[in-house]
Protein chains: 2
Amino acid sequence: MNSQASAPPSDPACLSAADAARAIHAGTLTAVSLMEACLARIAAREPEVRAWSYLDPASALDQAREADRRQAAGQPLGPLHGLPIGVKDVFDTVDMPSEYGSALYRGRRPQVDAAAVARLRRAGAIIIGKTTTSEFGMYHPSPTRNPRDLARSPGVSSAGSAAAVVDHMVPLALGTQHTASTTLPASFCGAFAFKPSLGFADMAGSNILVPRLAHLGLMARSVADLALFAGAFDSTLADLDSIERLPAPRVALVRGPGWASVAPDAAAALDRLLARLAVPVAEPPLPTEFERALEVTLGLLDAHLAFRFGALPTEDFERLCPPLRAGVDSGRAMSAPRYLELDALADRLTMLAAGLFAEHDLLVTLSTPGEATLLAEGPGSGVMSMPWSLCGLPTVSLPLLHGVGGLPIGLQLIGPQGGDRALLQAAAWLAAQVNPTTSHEI
Amino acid sequence: MNSQASAPPSDPACLSAADAARAIHAGTLTAVSLMEACLARIAAREPEVRAWSYLDPASALDQAREADRRQAAGQPLGPLHGLPIGVKDVFDTVDMPSEYGSALYRGRRPQVDAAAVARLRRAGAIIIGKTTTSEFGMYHPSPTRNPRDLARSPGVSSAGSAAAVVDHMVPLALGTQHTASTTLPASFCGAFAFKPSLGFADMAGSNILVPRLAHLGLMARSVADLALFAGAFDSTLADLDSIERLPAPRVALVRGPGWASVAPDAAAALDRLLARLAVPVAEPPLPTEFERALEVTLGLLDAHLAFRFGALPTEDFERLCPPLRAGVDSGRAMSAPRYLELDALADRLTMLAAGLFAEHDLLVTLSTPGEATLLAEGPGSGVMSMPWSLCGLPTVSLPLLHGVGGLPIGLQLIGPQGGDRALLQAAAWLAAQVNPTTSHEI
């Protein structure tokens, strides 16, 4: 089932981001050797996985050489110095095409880097290419295949970032999430993912469809690497405390409005995992308003799709995929007060969601209704993450569950708005609970 | 022309808020004597001016007695200790009806104070009653008359607050502004007014029609009193620096998209005032997008009116005034993407407005197109303040101009978002430029 080619253990491409960064800072690994290892891995696997929409190996190596030169010259080094990073092609990059997965943006070269890209470069990261995205981060899948099983979908829309990280092409990759675009591919591919609170990062220069849903998404192969990655945006997140020093979080299970579509094997896997935790798991009732969370999310999305794409010339509009056009049509038919009703409901859900954390530190649920779908079945459903994206809450997806097909399913952890550090800390605690003897890495 | 009854100079009701606060703190004036003076002034003038929708003199006096007791007991005193304050009846008050100027809310008694009201009480202020507002702060005027000329309109919608302050009924009064509701009545009545930046104060518990337009409004009789009043919300504003110690602001005149409706006498008065300033006044071109500022403001408003009132039962809906119902109908007919287009234009105007402050510290224009209208002509036009409300910029209205009818016209000062303190400082500088030998008070 698992077609992932295993890389030799001494391969620098298999190092965690944290270990690679430490080794580079210590001078036991050069940025060039790490880059060469990652490029070799990509060369071997990309024909099958198709994680990249653009890659410039020569420029990546040049930048790695320059990173080594700066280090040799004693210049100050950022926390991500010399790390190869993939960036989902919904972020603008001055030195690469930025096409948003759309034929309408073919060959587009922006004048400035997206704010998040600029952050990563300042932290010393080397952007080696653009990872694939579904069209405008929405419905039409990119050609990427699931590295765990090439017959399966990697999910949408940050498919290339999830696949590249899981397949050891890069230690870290940047994604986004409006509804499920980080959590879904992380769950299907088995990546560790962090979708920070709304407002965590400046999203300027990215494909913002709905401002109140426009989140960053980080992909890595361990919780510690997610923390290092997040530290480029907020340095207080870079180093987590030792798990032993912290009280166990008060954990609550929330099934959520998408639970009806959950597969029995996924539900059973979640039950088994929760039963193994050293703490009791509460199951508080969700306020009934959450039953409308999916309707609200999709309604807001359709209205903004109509605003964004409704005035396109006909010949351009007809190049959009059918479900995107259907969303535009639905949004066009929506009245302004209906939109404001949905927006007010989103405000109310956000307020109610905050109340869930009065007695719990951490909410847990599935990241997706089940394991990766077959390619022919479509890219899976985002219903499990939609409500929490709608409320702007930080979430982590941990590849700690497995379906009957042997493929990973994400365990989704949800924290309160702004509680990003505590959430990462709880994720480290939970990963250690489940796999106490491993390094909790892929 | 001026029907305002003059109060005797030794009347505590004529003290500035700052002088009254100082006298109370120093023990040379009691809260009770100040309250008695204000209540006497109200008793004398209210039958003609009609500034109050609710007043409870007995409770006001009780609270003043309690304030004096607390002071005698050596308890800590807030900066507004013992000052009588009027609150526009769009703010919830637990101890008074809160009717939003609407028959639909007749007798409504909220469970909690609005956040701004709670702030004022914590600062020691005594809320003596609710000042009139037009229906839901919109079109249908309250019965208030202009204290400068009872045949004239006091403007809308914070009419009661402007009239009460100008007529020496209270030294300070609270208002709000979505489009012009503080600036317009301040201009017509001759009050000093401060509309802080969007987000300056928590507007919870007030009549928020459009969140991005929902501003606080402060009415007083001098710039120093506005600063003292604003200090209850942000203590860094309470004390302004001495004018002599500050560099003169770089001043620019902006006519704005409402200029076509400006009366010749008002334009001439503005020209004369600007010519007297000791600094050059630039006149930079406004970006052409500002031509759409009024359309955008009114469109956003109509959409939100439709959301707020569109689902009322027919018998309630028909009790709304005709222009409010027309706004609801217009909003109902608006599509969601059209709303989002207007909202995006508002974002763009906000960004462009920020750019105006690269080379200027202070923008100036008229607060209204002219002096107060006759009651039969309606409550005047808000076109001069709309663009700056739309952009969330702090504004001050100074009663430094006069029309051919001898009535005041406000000089509107506009600062950058968040530059509230510098704007008040510039207002003090400008008032001193125009009236160097007075205390710059009404």
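Heavy-atom basis, side chains included; hydrogens, waters and symmetry copies ignored. Naming: A, B, ... by sequence-line order, numbering from 1 per chain.
For B:E315, the CD atom sits in a packed shell: over 12 heavy atoms of surrounding residues, nucleotides or ligands are nearer than 6.0 Å.
From B:L342, atom CG reaches atom CZ of A:F307 across 9.0 Å, with rounding to the nearest 0.5 Å. In this structure, A:M334 CE and B:L340 CG are separated by 9.0 Å, a value rounded to the nearest 0.5 Å.
Residue A:A306 comes nearest to B:P337 through the heavy atom pair CB-CG, 3.8 Å, listed as atom of the first residue, atom of the second, then distance.
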